[in-house]
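Nothing here was measured: the structure is a model prediction, and the numbers come from that model. Start at 1 with the first residue, then count along the sequence.
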Amino acid sequence: MLISIVERSLFRDKDGGTKVVKHRFLGFLIWQALQSTAVFFLSKILLLSLFTRTPFKPSFLSIFAFIVFHFSLLIFSTSLFIISSPRPQRAASISFVLFVAVSAVSASLSVITLCLSCNAFDQLKQRRLVIGKLGFRGLQIGLLYGVHYVYNKRWVLQFPIIQRPPFFSFKMGLPVAVGKALKLSAAGYVLSAILAFVLPYEFKGQLPVGNFITEQILFYIGSFVVILGWELCHHLHQVLHTKRSVFAPPKGSAAAETNPSEPLLAALEESTPKSLLQYLAYLDLCMVCEGNVDPWRRAAFFEESGETYKRVISVCLTPVEQFTRNVSEVLESSPVDNSLQLSHQLRSPNEQLADSKVYESFDDFQLLAWCARIVASLTVHSHKEDRFGVAQLSGSNAAVISTLLSSLLAVETLMGKKTNLQSSNTLMDPAGIKWATLNPGRRDSTAGIAGRRKGAPFYAKAYSMADILKTSIYGIVSAFYDEMSHSAKAGLLEKDWIISSKPLYGTRELLSQKLRLFLDFQAS
């Protein structure tokens, strides 16, 4: 029932996308069950060897504990999958509350089942008392882990820079998972020990010193095993759901010969915006454009009609354009003249709203980085692979350059770099272009939002975004250096490489002068 609810809520896209996400979820549950089985039996053998020195023997109690342990990890894994997302979510969600509650219940059940059949206590009353206390403390461990997981946004999928086979990716994360499990279990042990004092005296009971020590060791090992299982589950979820998925028919098939780009374009255009499926489609497109593994797929973008190329460029420029508009609105609405005075006072509601818009703009940082790299790579490859000239004839090259330059100018302004031209206080660069300098007396007033608060969370992303945009523009300039140089000498650089309409940010003159700096390899 729970899985059917997840399928209805998350698998709403077309058949191809439904299969991609559904198969990954089911594969995740299968591999999670296998690893949790190994964790359960290894921990059982360890606990029995420490406390009873007897080998593990199957029994009704041990089978029941095994089933409950698997059930607890199943509900934890399912809740983890439900809250996971490729991008941060600003608004609090009821799913986060449910995840914390599920973590608490799952931890309590897991700790009890791990310690249920250890027979470390002779009297039945002592065993019941200890099991009850272990369950209560396990509940606290689960609450701590759930809050920590949600607060640190570990539910956000982190796509690796280098795509490796899942086995090697999983193996590389094992030491990190063990280390984090040790830290969290130690913190949970201390917290639960402190909170255990609030229990009623009747529930605390009286245990001999030896049994009390045994209870503490038993709880720490049990909590460590539970958190280790969760950390392995988290790592496995990240590995399986961030690996590349190929949105293309098999090479040599009829679909590959006629329209190999349609499955990818369908996933990009028709899937739920900002969904995992759409992110996987952008990842696949980025690897096709930048690498040489599937050159036949990239060659299909440059078909004679030019419609496929324009669709690919459009679907990648749209997120960058929306990002630039959002940053431009924040920059236009943020105070400039009074920012020096406001920097020493409490922030106004307008400033807080502006900060919120900036944070939301960088929520799609991974997607924006892919889009910038995709359009730059396609433009670069069009120089040699575009036999029909669709990139130049459709105006896509000018649109790409203008969008990237506008976005770069907006990000640099957000970071506090002066970009608008002035008639005075200018410097002449070697290319003969006049650029405005910052007035030291008003540096704070022109620094922008991030310039006033360089410790803001989006500041590092702003720098990274600026680097990605610069690298993308330099790649295009390097590929079309001869053509741009001839256009610059003939005074046609702005006409050939800048769109005729008003840019998203800045002016056509400013974009043209910024492009000249890239052409002279002096943009920094």
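- With rounding to the nearest 0.5 angstrom, the CG atom of Leu139 is 9.5 Å from the CG atom of Leu109.
- Side-chain atoms of Lys243 never come within 3.5 Å of backbone atoms of Pro166 as a donor-acceptor pair (strictly under, hydrogens ignored).
- The distance from atom CG of Leu378 to atom CD1 of Ile374, rounded to the nearest 0.5 Å, is 7.5 Å.
- Summarising the geometry, atom CG belonging to Leu276 is positioned 7.0 Å from atom OG belonging to Ser84; distances are rounded to the nearest 0.5 Å.
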Apply side-chain contact (heavy atoms from CB on, under 4.5 Å) to the pair Lys183 and Lys180, showing each step before the final yes or no.
CA-CA 5 Å; Lys183 294 179 182 178; Lys180 192 172 289 291; 5.7 Å; no

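- To the nearest 0.5 Å, atoms CG (Leu285) and OH (Tyr282) are separated by 8.0 Å.
- Between the Arg24 side chain and the Leu240 main chain, a donor and an acceptor come within less than 3.5 Å of each other.
- When side chains are defined from C-beta on, Glu360 does not count as touching Asn326, because their heavy atoms never get closer than 4.5 Å.
- Screening Phe96, Tyr149, Phe81, Phe99 for a ring pair (Phe, Tyr, Trp, His ring centres under 6.0 Å) with Trp155, the sole residue that qualifies is Phe96.
- When all heavy atoms of Leu184 and Leu144 are compared, the closest pair comes out as O-CD2, 4.5 Å.
- Closest heavy-atom contact between Ser169 and His235: O-NE2, 3.1 Å.
- When all heavy atoms of Ser472 and Leu404 are compared, the closest pair comes out as CB-CD1, 4.1 Å.
- Note on ring orientation: taking the six-membered ring where Trp is involved, the planes of Tyr220 and Phe224 are parallel (angle under 30°, cut-offs 30° and 60°).
- The backbone N or O of Val156 lies less than 3.5 Å from a partner atom in the side chain of Gln238, making a donor-acceptor pair.
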Mind running side-chain contact (heavy atoms from CB on, under 4.5 Å) on Trp370 and Phe159 for me, showing each step along the way?
CA-CA 11 Å; Trp370 284 337; Phe159 289 84; 3.7 Å; yes

Show, in sequence, the C-alpha distance, side-chain angles and deciding distance for Arg137 and Tyr189, and conclude whether the side-chain contact (heavy atoms from CB on, under 4.5 Å) test is met.
CA-CA 8 Å; Arg137 295 180 68 178; Tyr189 173 82; 3.5 Å; yes

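- Using a 30° and 60° split on the angle between ring planes, His70 and Phe66 fall in the perpendicular class, above 60°.
- Taking the six-membered ring where the residue is Trp, Phe40 and Phe69 present tilted rings, their angle falling between 30° and 60°.
- Residues Glu231 and Arg154 are paired through a salt bridge, judged by an N-O separation under 4.0 Å between the basic side chain and the carboxylate.
- Val226 is not listed as a side-chain neighbour of Ile141, based on a closest heavy-atom distance of 4.5 Å or more.
- Checked by atom type, the side-chain pair Tyr279/Asp364 shows a donor-acceptor distance below 3.5 Å.
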Worked verdict on Phe247 versus Leu277 for side-chain contact (heavy atoms from CB on, under 4.5 Å)
CA-CA 10 Å; Phe247 292 82; Leu277 176 62; 3.6 Å; yes

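- The shortest heavy-atom contact between Pro249 and Trp296 is O-CH2, 3.8 Å.
- A side-chain donor-acceptor contact under 3.5 Å links His381 to the backbone of Cys289.
- His237 places no side-chain N or O within 3.5 Å of a backbone atom of Gln32 that could act as its donor or acceptor partner.
- Remark: Lys461 does not engage Asp363 in a salt bridge, criterion side-chain N to carboxylate O under 4.0 Å.
- Looking at Glu307 and Ser305, their side chains never bring a donor and an acceptor atom within 3.5 Å of each other.
- Of the possible donor and acceptor atoms, none in the side chain of Arg87 sits under 3.5 Å from a partner among the backbone N and O of Ser275.
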What verdict does the salt bridge (charged side-chain N to carboxylate O under 4.0 Å, His left out) test give for Asp467 and Arg373, after you've listed the backbone C-alpha separation in whole Å, the side-chain angles of each residue and the deciding distance to 0.1 Å?
CA-CA 11 Å; Asp467 289 340; Arg373 290 161 53 187; over 6 Å; no

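- The main-chain N or O of Ser103 is never found under 3.5 Å from a side-chain atom of Ser106 such that the two would form a donor-acceptor pair.
- Once rounded to the nearest 0.5 Å, the distance linking CG of Leu174 with NZ of Lys171 reads 9.0 Å.
- Salt bridge present: Arg311 and Glu262 bring a charged side-chain N and a carboxylate O closer than 4.0 Å.
- Of the listed residues (Ser72, Ser36, Ser223), just one forms a side chain to side chain donor-acceptor pair (under 3.5 Å) with Ser110, and that residue is Ser72.
- A distance of 6.0 Å separates CZ of Phe323 from CG of Leu368, quoted to the nearest 0.5 Å.
- Looking only at distances, a side-chain donor or acceptor of Ser79 sits under 3.5 Å from a matching main-chain atom of Ile75.
- Taking the six-membered ring for Trp and thresholds of 30 and 60 degrees, Phe76 and Trp230 have nearly parallel ring planes, at less than 30 degrees apart.
- Between Ala181 and Ile227 the shortest heavy-atom distance is CA-CG2, 3.8 Å.
- In this structure, Arg387 places its CZ atom where only 12 or fewer heavy-atom neighbours from other residues, nucleotides or ligands lie under 6.0 Å away.
- Contact between Ser314 and Thr318 at its shortest, heavy atoms only, is O-OG1, 2.7 Å.
- Under the 3.5 Å distance criterion, the side-chain polar atoms of Ser407 are left unmatched by any main-chain donor or acceptor of Thr403.
- A side-chain donor-acceptor contact under 3.5 Å links Arg298 to the backbone of Val288.
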